[in-house]
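A quick write-up on the structure given underneath.
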Amino acid sequence: MNRFRIKKPYLFIFFVAIITRTAAVFFSGGYLQPAEHFTIIEKSAHLANLGIAHILEMVSKEDGWFIALNALVFKGLVTLHINKPEIATTVIRLMMALLSFHTIIAGYKMVNQLYNQRIAAFTGILLAGFWFVPWLSVRNLALMAAVPLFMTALYFLNLHLHKPNYILPFLTGILCTIGFLLAYDTWIFVALLFLTLLFSANYITSLVFITAFSLSFISVQVPFDVVNQVEPLTAVSTYFHAFFNQMQVSSMWYLVYVLPFVLMIPPVSFFLFRGLATSFKNLYYITIPTILTLFFSIFFAESAVGLMLFTLPFVIVAGSSGWVLFLEKSKFWARHNSGYYLVLLCFWGLNFLMLPFASTLYARQTEIEAMQFLAHYKPVSSFVCEQTGSKQVVRMPHLYLNQQCTEIVVNQSYPPDSLQNVLGRKPDLNPQFILFYGEKDLKHRIESMYPVLPNISYVTSLEPGITESILKFFITDFPAETIVVYRNNYYIQSPVN
């Protein structure tokens with residue numbers, strides 16, 4: 001294997017990338033962040049049902065391009081008579097995985113051009129097989145989709161800075177425009193990249209870059225705004241107005257600064273950040289925007305953690321190459337060579353131990369399985385989700401119901417008594433099922449439901465998966481609970497095959 005890696009590192013990197021991302025595509029279902037599903041997937045599926053006109057209208061709204069592209073995927077699958085949501089979400093994960101290969105290719109080529117194949121191989125294997133990267137690569141989040149575009153843009157910029165060709169910074173600006181259209185939060189990276197080029201005396205390059213960015217953004221966005229009868233650039237102006245008016249330090253600011261060191265496994269994570277300093281001379285156009293984006297991401301409120309994750313591939317590219325260079329010149333590590341190799345051995349052992357777990361992480365499995373279970377009973381006009389045993393308000397992923405259905409939520413704010421009032425005002429709701437989320441005080445919660453729905457009976461229980469249970473062990477607030485399903489016997493139905 002060592003000979004294979006030395007002689008053909010590029011092939012080995014692709015082998016690792018294909019294996020890990022294939023596992024992530026087919027086994028890491030669900031969603032860790034609610035935004036991944038409810039803001040993107042559910043909305044995209046709904047737009048696909050409404051038609052092309054509504055999809056095109058979406059591009060004139062904030063972060064609408066990414067939702068519209070997802071909606072086109074759903075629309076295409078529906079046209080092919082592929083209506084199963086499980087297949088649709090797998091196809092989207094596959095597309096994200098294929099897009100992530102551009103991150104690996106651009107990162108590898110950039111380091112290979114600057115240094116040598118050995119250092120590039122180390123960078124490439126980290127981009128391909130770092131334990132959390134394959135899972136992160138297939139997450140359907142706008143910021144994750146923007147990473148390959150920015151990495152490729154920086155590759156073109158790297159080519160220009162070492163062999164001037166002003167077409168390349170122009171292409172860099174266009175690719176950054178596409179990334180920005182997908183995720184407006186990336187404006188901070190674009191602005192910092194422009195300022196880095198400007199203050200490093202690359203005046204013409206910075207001018208070409210920002211001109212290409214501005215012209216391509218206006219030429220793409222404005223025509224759609226005109227067609228949609230929206231004031232030009234309304235979405236981006238609304239975004240910036242809201243951002244600067246509501247700008248505050250995220251309540252999760254500590255995670256933004258601590259999580260990168262944890263995710264990249266100490267002490268290797270410290271090596272990578274130390275490497276950023278060494279690579280500064282050759283990769284300043286990556287290092288400065290990356291570090292400052294990471295620093296300022298705490299002001300992005302709900303997007304803080306997402307923007308932090310966005311920066312990690314750039315930390316890997318600049319940090320890994322810089323660390324190898326530092327290591328070659330370090331007298332300390334030359335004297336403690338065996339200790340360093342022991343650290344690396346432990347790192348790779350732990351990394352490849354966690355890699356199968358992370359690549360197959362199926363988050364929110366019980367919620368999805370609950371909806372898939374109800375989908376077998378058609379039609380289901382409404383159901384009750386009883387959550388009084390949980391402090392969190394959990395949303396059910398209706399996409400997997402594959403039918404229109406009303407969800408009636410009963411929680412600590414809206415106890416069972418409120419359900420009686422709702423059914424009194426809207427008797428046509430007729431909930432056929434009751435989902436009890438979590439087993440805390442379950443007996444009491446079931447008894448409190450009898451005065452409202454007296455003729456209910458137990459159907460099944462849906463348990464969290466292994467990966468969810470492990471996450472729950474480490475993150476006590478992670479929503480991984482058993483869902484107990486009861487049926488309202490006034491509306492007895494048989495499953496539909």
Side-chain angles (χ1 to χ4, degrees), residues 35 39-40 58-69 103 141-154 156-157 169-200 202 205-222 224-225 230-250 253 256 284-315:
T39 305
I40 307 298
M58 192 67 211
V59 301
S60 293
K61 299 178 181 179
E62 184 181 327
D63 286 341
W65 281 92
F66 188 64
I67 296 172
L69 290 172
T103 302
L141 295 167
L143 282 166
M144 294 303 102
V147 169
L149 294 164
F150 279 92
M151 190 68 78
T152 307
L154 291 171
F156 286 145
L157 183 61
F170 195 86
L171 290 174
T172 299
I174 292 174
L175 286 171
C176 287
T177 297
I178 300 171
F180 173 70
L181 285 170
L182 293 180
Y184 282 169
D185 288 333
T186 57
W187 71 265
I188 184 70
F189 194 90
V190 175
L192 290 167
L193 178 58
F194 167 68
L195 291 174
T196 300
L197 292 172
L198 184 64
F199 287 108
S200 61
N202 291 294
T205 300
S206 62
L207 181 62
V208 172
F209 166 72
I210 202 63
T211 300
F213 177 84
S214 303
L215 289 177
S216 56
F217 174 68
I218 292 169
S219 61
V220 170
Q221 186 64 56
V222 170
F224 280 98
D225 290 343
V230 174
E231 185 178 343
L233 307 181
T234 295
V236 70
S237 62
T238 301
Y239 166 81
F240 281 113
H241 183 266
F243 174 79
F244 287 110
N245 280 341
Q246 302 170 13
M247 187 171 64
Q248 58 182 352
V249 176
S250 170
W253 65 269
V256 173
Y284 62 91
Y285 49 89
I286 297 180
T287 303
I288 295 175
T290 298
I291 291 299
L292 292 180
T293 298
L294 183 60
F295 177 78
F296 287 116
S297 62
I298 62 170
F299 295 104
F300 283 73
E302 294 180 359
S303 303
V305 174
L307 201 55
M308 176 274 293
L309 294 173
F310 166 83
T311 64
L312 293 188
F314 305 103
V315 171

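Fair warning: this is a prediction, and the values are worked out from it, not measured in the lab.
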Other residues, nucleotides and ligands only: do more than 12 of their heavy atoms fall within 6.0 Å of CZ on F295?
no
When you measure from the side chain of S237 to the backbone N and O of T234, does any donor-acceptor pair fall under 3.5 Å?
yes
Where I174 and A212 come nearest, the two heavy atoms and their spacing
N-CB, 4.4 Å
Check step by step if ring pair (Phe, Tyr, Trp, His ring centres under 6.0 Å) holds for F310 and F150.
CA-CA 10 Å; F310 166 83; F150 279 92; 5.6 Å; yes
Would you say E231's side chain and D225's backbone share a donor-acceptor pair under 3.5 angstrom?
no
About how many Å separate CG of L197 and OH of Y285, when rounded to the nearest 0.5 Å?
10.0 Å
Measuring from atom CG of L198 to atom CG of L207, what distance do you get when rounded to the nearest 0.5 angstrom?
9.5 Å
L141 side chain near L309 side chain, heavy-atom distance below 4.5 Å:
no
With under 30° as parallel and over 60° as perpendicular, where do the rings of F243 and F300 fit, or are they tilted in between?
tilted
Can you see which heavy atom on Y184 is nearest to which on F180, and at what distance?
CD2-O, 3.2 Å
Spatial distance of atom CZ (F299) from atom CD1 (I188) [nearest 0.5 Å]
10.0 Å
Distance check, rounded to the nearest 0.5 Å: L294 atom CG versus T311 atom OG1?
4.5 Å
Could you check if a side-chain atom of V236 sits within less than 4.5 angstrom of a side-chain atom of F217, using non-hydrogen atoms only?
yes
Using modelled atom types and a 3.5 Å cut-off, is there a donor and acceptor pairing between side-chain atoms of T177 and backbone atoms of F213?
yes
Side chains of F209 and N202: does their closest heavy-atom pair fall under 4.5 Å?
no
For F199, side-chain contact (heavy atoms from CB on, under 4.5 Å) partners two or more places apart:
L195
CG/D185 to OG1/T293 distance, rounded to the nearest 0.5 angstrom?
11.0 Å
Between D63 and T39, does a side chain to side chain contact (heavy atoms under 4.5 Å, CB included) hold up when you go through it step by step?
CA-CA 10 Å; D63 286 341; T39 305; over 6 Å; no
Taking side chain as C-beta onward, heavy atoms only, is I178 less than 4.5 Å from V220?
no
Which heavy-atom pair separates T103 from M151 by the least distance, and what is that distance?
O-CG, 3.7 Å
Answer yes or no: is there a side-chain heavy-atom contact under 4.5 Å between F189 and T290?
yes
Here the pair of heavy atoms bringing V305 nearest to V256 is N-CG2, 4.3 Å
Does T172 reach the side chain of T205, with side-chain heavy atoms less than 4.5 Å apart?
no
For T196 and L192, the nearest pair of non-hydrogen atoms, with its separation, is OG1-O, 2.6 Å
Starting at OG of S303, measure out to CD1 of I298 and round the result to the nearest 0.5 Å.
14.0 Å
Provide the closest heavy-atom pair for A235 versus S60 in the form atom of the first, atom of the second, distance.
CB-O, 3.4 Å
